[in-house]
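Working notes, structure below.
The figures here come from the full heavy-atom set of this structure, side chains too, leaving out hydrogens, waters and symmetry mates. Chain identifiers are assigned alphabetically (A, B, ...) following the order of the sequence lines, protein sequences preceding nucleic acid strands; residue numbering begins at 1 within each chain. Worth saying up front: this structure is predicted, and the values here are computed from it rather than measured.
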Amino acid sequence: MGTKKALTGIIKDALSSCIQKGVLSVNEIPAVELDTPRFQQHGDFSCNIAMILASKEKKPPQFIAKSIAENIEDNYRILAKVEVAGPGFLNFFITDDYWRNSLKDIEELNGSYGKGNIGAGKEVQVEFVSANPTGPLHIGHGRGAAVGDTLANILKAAGYNVVKEYYINDVGNQMETLGRSVSLRYIELFGREIDFPKECYQGEYIKDIARDIKAKYKDRYLDGSDGEATSFFSVYAADYILEGIREDLRDFNVEFDEWFSEKTLIEKDKISEITSELEDKGYIYQKDGAFWFKTTKFGDEKDRVVIRANGQPTYFASDIAYHKDKLERKFDMIINIWGADHHGYILRMESVIQAFGKKKEVLEVLLVQLVNLMRDGKSIAMSTRSGEFVALKEVIQEVGKDAARYFFLMRSSDSPLDFDLELAKKQSNENPVYYVQYAHARICSILRLAKQRELHIPRFEEVKIDLLNLPEEMILIKQLLKYPDLIERSALSLEPHRITGYLNELAGDFHSYYNKNRVISNDSNLTMSRLFLVKMIRVVLKNALRLIGVDAPERM
RNA sequence: GCGCCCAUAGCUCAGAUGGAUAGAGCGACGGACUACGAAUCCGUAGGUCGCAGGUUCGAAUCCUGCUGGGCGUACCA
């Protein structure tokens, strides 16, 4: 059992005895929240329950805190002392023995240390990246990929069943534009003059695709009828680009469980099925020759078009069908990770969810603010069409997969991110990811040396654990034991960036310890204890790094 | 105009659902390798948490207004 959980139970019991004895008069025990204080002198955990009860009880908080403290029964012997402090905090000090003995849990669980069950097997879908197959992934997609993939990993570790999904927009105007772009470049390859319109995709990759087609099919598509050719070109190009996207994602350590094609929705005629269903329910009506969805019913400022007057469905129509499909797959929670420029669609999608009779809370949209890509301090506009973008692939090659992933996860996703390529390249040796990886490599190095000297790497039972009694060692041990709680909190708040913050702290605690103390010394008992501690640090570093998809190298 | 997000050290950002004395990294300055990896460590300097009110035992955190920035506000995708 976790320390926090055990302590919460103890406090609840104390509250009940207070109520029984008539010291407190509330009939219900309020939720007990435990905080980790910033300062050591405030103990390992602090509880503000007395101050919350004070107004209800009309008694001074210090009095209530004192009463609770007096009624505490420490059956598990985990408490060194309890103090009433400040305006009425209850400060709890856990015994060093209890902390040290908890290291055994880390050893036993090893690779699965940190996993919890707060998710209770709930089905969750995380949809992310979902870039249109009209061009390679750029750096902005990279941020979404890192955030989505890590969030999925965290949710899995917290006991959810997670499906990672990529939605492919493989129909619509942009597909035609793509086909036309490639077809023009193809024609150009045969030496003919072309007029390449502005709205076509300008990137170099379009020419690559055209060359690929020429190599394979020679001039077969040179003089076909326009419609036929365009359709061939767009399908070919989309497949080609999508294959590249899959590769880039694999290189970025991101694997999807499902690739969901918009085209399949069209082929199964899902859109007319869904619109007529919603029309029956009264959420869709006809006006000016178009079909409108009554999003105003859910707080939108105006209704939105689903089917245009020309009979063409809008992008919104596909999204309705897609989300209906998600609902039919019975997920308890649907998480969409979107670029912040899509925030206007949140309300719209929530309307859809509610129109299908579900609570809007089923859908969670996590907005990832845009990446402001810079080169030498100057912003680079990111548009697939202008062709002036930096591919994710290029970034991975320049700064490495690990640095890129870590960088994207270092700050909360709701603040915009400046990513200066020159800076990232220049500072790659000072990148924070190396700080963490170095801690791991250092531990591996210590363990290698120990083996070289034919020292036994001990198990918990073989160690005199109370030799770990330095303040730095206690800090490290407590930090390690916080890890499961961290995963739980990151999962509940959908905040993957907390993992990098934790890793940085843990690595810092270790580096500091390392510089001050020797692990391998002449004192063989002490050496054993410290080797064990260091091995446990490695377990946690490795687990947390795996969570964010960054390698834990044994040498650097 | 309306909506969403943001404003914390010179720069880039944390800040655990309202807690006690504000935290890192980079940059600046000064130190530490005859012992496990110096990609490290130790120390110093740096703050009216955008401004003004409000809520309460207690606010960087919640509410209102203002200022300044990003994004959105299509029968585009």
**OP:** Go through B:C4, B:C41, B:C75 for me and flag the one nearest to the A:W292 side chain.
**Re:** B:C75
Original post:
Which nucleotide, B:C6, B:G19, B:U73, lies nearest any side-chain atom of A:E301?
Top reply: B:U73
**OP:** Using only side-chain N and O atoms of A:Y514, determine if any of them is under 4.0 Å from OP1 or OP2 of B:A38.
**Re:** yes
Original post:
If you draw the axis of the six-membered ring of A:Y514, does the NZ or CZ of A:R442 fall within 45° of it and under 6.0 Å from the ring centre?
Top reply: yes
Original post:
Base, sugar-phosphate, or nothing: which does A:T36 touch, judged by heavy atoms less than 4.0 Å apart?
Top reply: base
**OP:** Indicate whether OP1 or OP2 belonging to B:C6 is found under 4.0 Å from a side-chain N or O atom of A:S412.
**Re:** no
**OP:** State whether A:K302 places a side-chain N or O below 4.0 Å from either non-bridging phosphate oxygen (OP1 or OP2) of B:C75.
**Re:** yes
Original post:
With sugar-phosphate meaning primed atoms plus P, OP1 and OP2, does A:A441 contact a base, only sugar-phosphate, or nothing at under 4.0 Å between heavy atoms?
Top reply: base
Original post:
So which nucleotide does B:G37 pair with, by the Watson-Crick or G-U wobble rule with both distances under 3.5 Å?
Top reply: none
Original post:
Between the main-chain N or O of A:Q312 and the side-chain N or O of A:N310, is there a donor-acceptor pair closer than 3.5 Å?
Top reply: yes
Original post:
Quick one: does A:Y434's side chain get under 4.5 Å of A:D402's, heavy atoms only?
Top reply: no
Subject >> Atom C1', compared across B:C6 and B:G72: separation rounded to whole Å >> reply: 15 Å
Original post:
Starting at CG of A:N504 and ending at C1' of B:U40, how long is that distance when rounded to a whole Å?
Top reply: 13 Å
Original post:
When you measure from the side chain of A:H511, which nucleotide among B:A16, B:G37, B:C41 comes out closest?
Top reply: B:C41
Subject >> A:R411 vs B:C13: side-chain N/O to OP1/OP2 distance below 4.0 Å >> reply: yes
Subject >> Geometric cation-pi criterion, A:R411 with A:F407: 6.0 Å, 45° >> reply: yes
Original post:
For the atom pair CG (A:D319) and CZ (A:R304), what is the distance rounded to the nearest 0.5 Å?
Top reply: 13.5 Å
**OP:** Kindly confirm whether the side-chain ring of A:F39 is stacked on the base of B:U21, judged by centres under 5.5 Å and planes under 30°.
**Re:** yes
Original post:
Touch check for A:L449, heavy atoms < 4.0 angstrom, all strands: base, sugar-phosphate only, or nothing?
Top reply: sugar-phosphate
Subject >> Pairwise C1' distance, B:A38 and B:A45 [rounded to whole Å] >> reply: 24 Å
**OP:** Name the pairing partner of B:G72, where a pair is Watson-Crick or G-U wobble with both distances under 3.5 Å, or state none.
**Re:** B:C2
**OP:** Round to the nearest Å and state the distance from A:F408 atom CZ to B:U12 atom P.
**Re:** 18 Å
Subject >> Pairwise P distance, B:C26 and B:A39 [rounded to whole Å] >> reply: 14 Å
Original post:
In whole Å, what separates the P atom of B:G50 from that of B:G15?
Top reply: 15 Å
Subject >> Whole-angstrom distance between B:A7 and B:C71, as gauged at atom C1' >> reply: 15 Å
**OP:** Take atom OH of A:Y435 and atom C1' of B:A38, then tell me their distance rounded to the nearest Å.
**Re:** 13 Å
Subject >> Among B:C5, B:G19, B:A24, the nucleotide that comes nearest once only the side chain of A:P87 is considered >> reply: B:G19
Original post:
Where does the angle between the aromatic ring planes of A:Y167 and A:F260 fall among parallel (under 30°), tilted (30 to 60°) and perpendicular (over 60°)?
Top reply: tilted
Original post:
Quick one: does A:D35 reach the base of B:G19 with a side-chain donor-acceptor pair under 3.5 Å?
Top reply: no
Original post:
What's the CG-P distance between A:L486 and B:U17, to the nearest Å?
Top reply: 13 Å
Original post:
For A:N173 and A:L34, take the nucleotide of RNA chain B holding the closest heavy atom to each; which residue's nucleotide lies nearer the 5' end?
Top reply: A:L34
Original post:
Atom CG of A:D509 to atom P of B:U40: distance rounded to whole Å?
Top reply: 15 Å
Original post:
Should A:Y438 be listed as having a side-chain N or O under 4.0 Å from OP1 or OP2 of B:A39?
Top reply: yes
Subject >> Assigned glycosidic conformation for B:C33 [threshold 90° from 0] >> reply: syn
**OP:** Could you tell me whether A:K81 sits above the aromatic face of A:F93, with NZ or CZ closer than 6.0 angstrom to the six-membered ring centre and within 45 degrees of the axis?
**Re:** yes
Original post:
Checking all strands, does A:S445 fall into the base, sugar-phosphate, or nothing category for heavy-atom contacts under 4.0 angstrom?
Top reply: base
Subject >> Closest to side chain of A:L367, choosing from B:A35, B:A14, B:C4 >> reply: B:C4
**OP:** Ignoring the backbone of A:R304, work out which of B:A39, B:U73, B:A35 is nearest its side chain.
**Re:** B:U73
Original post:
Rounded to whole angstrom units, what separation is found between the CG atom of A:D288 and the C1' atom of B:C75?
Top reply: 10 Å
**OP:** Please determine if a side-chain N or O atom of A:T314 lies less than 4.0 Å away from the OP1 or OP2 oxygen of B:A74.
**Re:** no
Original post:
Just checking A:N522: base, sugar-phosphate only, or nothing, at a heavy-atom cut-off of under 4.0 Å?
Top reply: nothing
Subject >> Contact under 4.0 Å: A:H342 side-chain N or O vs B:U73 OP1/OP2 >> reply: no
**OP:** Determine the Euclidean distance between corresponding P atoms of B:U12 and B:G70; express it in Å to zero decimal places.
**Re:** 14 Å
Original post:
With no angle test and no hydrogens, is the base of B:A20 tied to the side chain of A:N91 by a donor-acceptor pair under 3.5 Å?
Top reply: yes
Subject >> Parallel, tilted or perpendicular: ring planes of A:F293 versus A:F298, cut at 30 and 60 degrees >> reply: tilted
Subject >> Side chain of A:D341 (C-beta onward), nearest among B:C71, B:G19, B:U40 >> reply: B:C71
Subject >> A:I52 CD1 - B:G58 C1' separation (whole Å) >> reply: 12 Å
**OP:** Go through B:C36, B:C41, B:G37 for me and flag the one nearest to the A:N515 side chain.
**Re:** B:C41
Subject >> Paired nucleotide for B:G46 [Watson-Crick or G-U wobble; both distances under 3.5 Å] >> reply: none
**OP:** Look only at the side chain of A:S512 and the backbone of A:D509, and say whether a donor-acceptor pair between them is shorter than 3.5 Å.
**Re:** no
**OP:** Return no unless some side-chain N or O of A:R38 is found under 4.0 Å from OP1 or OP2 of B:A16.
**Re:** no
Subject >> Pairing nucleotide - B:G53, Watson-Crick or G-U, each distance under 3.5 Å >> reply: B:C63
Subject >> Pair assignment for B:U12, Watson-Crick or G-U wobble, requiring both distances under 3.5 Å >> reply: B:A24
Original post:
Where the side chain of A:F89 is defined as all heavy atoms beyond and including C-beta, which of B:G72, B:A14, B:G19 is the nearest nucleotide?
Top reply: B:G19
Subject >> ring centroid sep under 5.5 Å plus plane angle under 30, A:H42 with B:A20 >> reply: yes
Original post:
Between B:A16, B:C41, B:A20, which nucleotide gets closest to the side-chain atoms of A:K482?
Top reply: B:A16
**OP:** Answer with yes or no after comparing the ring centroid distance for A:Y438 and A:H511 against a 6.0 Å cut-off, counting only values under it.
**Re:** yes
Subject >> A:Y502 OH - B:A16 P separation (whole Å) >> reply: 18 Å
Original post:
Looking only at atom P, what distance separates B:A16 and B:A28, rounded to whole Å?
Top reply: 31 Å
**OP:** Between B:C13 and B:G18, how far apart are the P atoms? Round to whole Å, please.
**Re:** 25 Å
